[in-house]
Enquirer: 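Handing you this structure, nothing more for now.
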Amino acid sequence: MKFYITTPIYYVNDEPHLGHAYTTIAADVLSRYHRLKNDDVFFLAGTDEHGLKIEQKAQEEEKNPQKFCDEKATKFKVLWNNLNITNNTFIRTTDLKHKSAVQKILQILFDKKLIYKGEYEGLYCVGCEEYKTKTQLIAGKCPLHKKMPELVKEDCYFFQLSNFQKKIIEKIQKNEFKIEPIERKNEALGFLKKEKLEDLSISRKKVKWGIPLPFDKSYTIYVWVEAFFSYLTGIDWQGDCKKIPNFWPPDLQLMAKDILRVHTTIWPALLLALDILLPNKLFVHGFFTINGQKMSKTLGNVILPYDLINKFGVDATRYLLLAQFPFGQDGDISMERLEEKYNSDLVNGLGNLVARVLTLAERNFTYFSNGNDIEIKKTWKEYKKTMKNIQLFETLKIVWNLISFCDKYMEKEKPWEIKDNPERLNKILSNLLERIYNLAIMILPFMPETSEKIFTQLGIKFEGFKKNEQIEFIPHQNLVQGFKIKKGENLFPRKHKNKKTLKQKNTKIILDFKF
RNA sequence: AGCGGGGUAGAGCAGUGGCAGCUCGUUGGGCUCAUAAUCCAAAGGUCGCAGGUUCGAAUCCUGCCCCCGCAACCA
């Protein structure tokens, strides 16, 4: 089975922030899980680099836009690398292959008469050098320049977005174009049914930093129209509608809720216009607040990805972000709570369990499997179900239930008290080690380095599941070599609280999640 | 009345008509294999506010308040 998953292509007007990291980590977890299942996975990440905002930002920093984009895109790449993200490609909308495919597409749409010349009328703020929507204005004035924008008309090209409204609604209702969670589907259907989609102006005369329109080079292409195609050019599509790459369509496109609208209007309309299959599923997740406040640079309460990586390490960062609140909802985080969770789940939970079992097992023990551990089987069953439903928070809960079960089991059996019944001791430790072995596989998509460390300490190699092998407890095959225990360093070093630092961190802040 | 989501213990959340729950934190006790870890127990809540329906409401209805996202040609 193929599994093609995408993150949004992030807009490079700013440094990568926690929201970008969150989506990308989730995508990586799902990618790694599908690889574990032996699916043929393609994981796309990338950056969106054209448009007025970039042009202006580059100008502020006195750089040419390409250099500016190169630097920012590198920051994203480096962060993904540091977070152990296993994306198969990193597509940039300034890549040559993207630009040339996009130009072909626009020509096709033009030849199909789905693009026509017209006149765009909008409220233009001279100070901002851009059109404003009514909702961006405060009392009719630009909030930045305190001036009334002028009503300006401009020749431009339109895409017949309105033609596709009905078809999009139909595809969503028939679940041929799935949107999850259900609230987001309702939201999309809400605005699609209620508001009329106007034709979309796709050309920009004033924006220089963009891909030229193939049939009229005095314009560049509006970013949203071209950027979406990176989901296709990233898998090496050349712009030929008859030659669609095998990985198409995406099985899953992850994104935050702010870009739901464009992904359920412009994006499917463009694909329908070209007779290309729609993505199978969009999954929309929520936003963070920090101590109940929006993150914002102005308020200075931003938690940066590197703050977490430096403090907790890569694996713990991946875990902590996903273990905070259900994937798909909004949630609140704080440094204080992250620290608590780090200590309770990782240090006291997983780390401590591995340490206490291995200490006993390292002394004196011979492995034999009873081959049928109900707890492990039950956990795998729920694990697979929640993973399938993209309930990553629930998956982690289920895995941690098994950890808790092991702690209680030890308390009940008290293996450290057994002095003259080696058979019983071996059985108890074997049960525990099999559970830890399975735990290590379960956490592999979430915390690949920790997983590897556990295998090393168990003296066992995990080489993945074989093709078509059921993912579940199979001790005889996989553990035939037995355990060669060598307890190592603790998996997670304890964090000791520093109340003063925490208090400083908790000062109100806000963060901006625009992509 | 623009659309969607949310407001439940100190914190984060679950609970859609039948004794108000989970995790963390806090407090007390047990244990000693383990990173002051772990196990058992306890304390802690006018379920946003105000009305209504019902034998019975966190849950259903009405009104209101607060928070988040969207309200496209910014991305």
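Just so it is clear, the structure is predicted and the values come from calculations on it, not from any experiment. So that the names make sense, note that chain A is the first sequence line, chain B the second, and so on, each numbered from 1. Because only heavy atoms are used, hydrogens play no part in the values below, and waters and symmetry mates are left out as well, while side chains stay in.
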Enquirer: Need one value for A:L161: base, sugar-phosphate or nothing, where a base atom within 4.0 Å counts as base even if backbone is also close, heavy atoms only.
Expert: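 If one applies the 4.0 Å heavy-atom cut-off, A:L161 turns out to touch a base.
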Enquirer: With sequence neighbours left out, what residues match A:K412 under side chain to side chain contact (heavy atoms under 4.5 Å, CB included)?
Expert: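 Per chain and number, A:K412 pairs via side chain to side chain contact (heavy atoms under 4.5 Å, CB included) with no residue.
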Enquirer: Determine which pairs satisfy salt bridge (Lys or Arg N to Asp or Glu O under 4.0 Å) with at least one residue from residues 323-335 of chain A, sequence neighbours left out, and list them in order.
Expert: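 Checked against salt bridge (Lys or Arg N to Asp or Glu O under 4.0 Å) - neighbours excluded - the pairs reaching residues 323-335 of chain A are A:K257-A:D330, A:D332-A:R337.
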Enquirer: What I want to check is whether an N or O donor and acceptor connect the side chain of A:K53 with the base of B:C74 at under 3.5 Å.
Expert: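 Present.
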Enquirer: Using the ring pair (Phe, Tyr, Trp, His ring centres under 6.0 Å) criterion, which residues pair with A:H98? Sequence neighbours excluded.
Expert: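 Residues passing ring pair (Phe, Tyr, Trp, His ring centres under 6.0 Å) with A:H98: none at all.
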Enquirer: Counting any heavy atom closer than 4.0 Å, what does A:D14 reach on the DNA or RNA strands: base, sugar-phosphate only, or nothing?
Expert: nothing
Enquirer: For A:Y157, which residues count as a ring pair (Phe, Tyr, Trp, His ring centres under 6.0 Å) partner, sequence neighbours excluded?
Expert: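 In terms of ring pair (Phe, Tyr, Trp, His ring centres under 6.0 Å), with neighbours along the sequence ignored, A:Y157 is linked to A:F215, A:Y219.
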Enquirer: Who does B:U46 pair with, Watson-Crick or G-U, both distances under 3.5 Å?
Expert: none
Enquirer: Name the atoms and distances for all side-chain donor-acceptor pairs under 3.5 Å in residues 344-358 of chain A, with sequence neighbours left out.
Expert:
from	atom 1	to	atom 2	distance (Å)
A:S344	OG	A:E340	O	3.2
A:D345	OD2	A:Y319	OH	2.6
A:D345	OD2	A:K341	NZ	2.9
A:N348	OD1	A:R494	NH1	3.3
A:N348	OD1	A:R494	NH2	2.7
A:N348	ND2	A:N343	O	3.4
A:R356	NH1	A:D407	OD1	2.7

Enquirer: Please determine, for B:A1, whether a Watson-Crick or G-U wobble partner exists with both distances under 3.5 Å, and give it or none.
Expert: none
Enquirer: For residues 320-357 of chain A, which residue pairs qualify under ring-ring contact (aromatic ring centres under 6.0 Å, His included), counting only residues two or more places apart or in two chains?
Expert: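 Sorted pair list: A:Y22-A:F325, A:Y22-A:F327, A:F283-A:F327, A:H285-A:F327, A:F288-A:F325, A:F312-A:Y342.
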Enquirer: What interatomic distance, in whole Å, is found between P of B:C22 and the corresponding atom of B:A14?
Expert: 15 Å
Enquirer: Which part of the nucleic acid does A:V347 contact within heavy-atom distance under 4.0 Å: base, sugar-phosphate only, or nothing?
Expert: base
Enquirer: Taking the same atom, C1', in B:U32 and in B:C40, what whole-Å distance lies between them?
Expert: 16 Å
Enquirer: Counting primed atoms plus P, OP1 and OP2 as sugar-phosphate and everything else as base, spell out the protein contacts along nucleotides 38-45 of chain B at 4.0 Å heavy-atom distance: B, S or - for each nucleotide, 5' to 3'.
Expert: SSS-----
Enquirer: Where does the angle between the aromatic ring planes of A:W267 and A:F228 fall among parallel (under 30°), tilted (30 to 60°) and perpendicular (over 60°)?
Expert: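 The rings of A:W267 and A:F228 lie parallel, inter-plane angle below 30°.
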Enquirer: Consider the side chain of A:Y131, meaning its heavy atoms from C-beta on, and name the nucleotide among B:C74, B:C70, B:U35 that approaches it most closely.
Expert: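 Of the candidates, B:C74 comes closest.
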Enquirer: Tell me which pairs pass salt bridge (Lys or Arg N to Asp or Glu O under 4.0 Å) where either residue lies in residues 281-293 of chain A, with sequence neighbours left out.
Expert: A:E180-A:K281
Enquirer: Using a cutoff of under 3.5 Å, can you pull out all pairs of nitrogen or oxygen atoms linking the protein to nucleotides 9-13 of chain B, with atom names and distances?
Expert:
from	atom 1	to	atom 2	distance (Å)
B:A11	O2'	A:R337	NE	2.9

Enquirer: I'd like the C1' distance from B:C49 over to B:A41, given in whole Å.
Expert: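 Those two atoms are separated by 37 Å.
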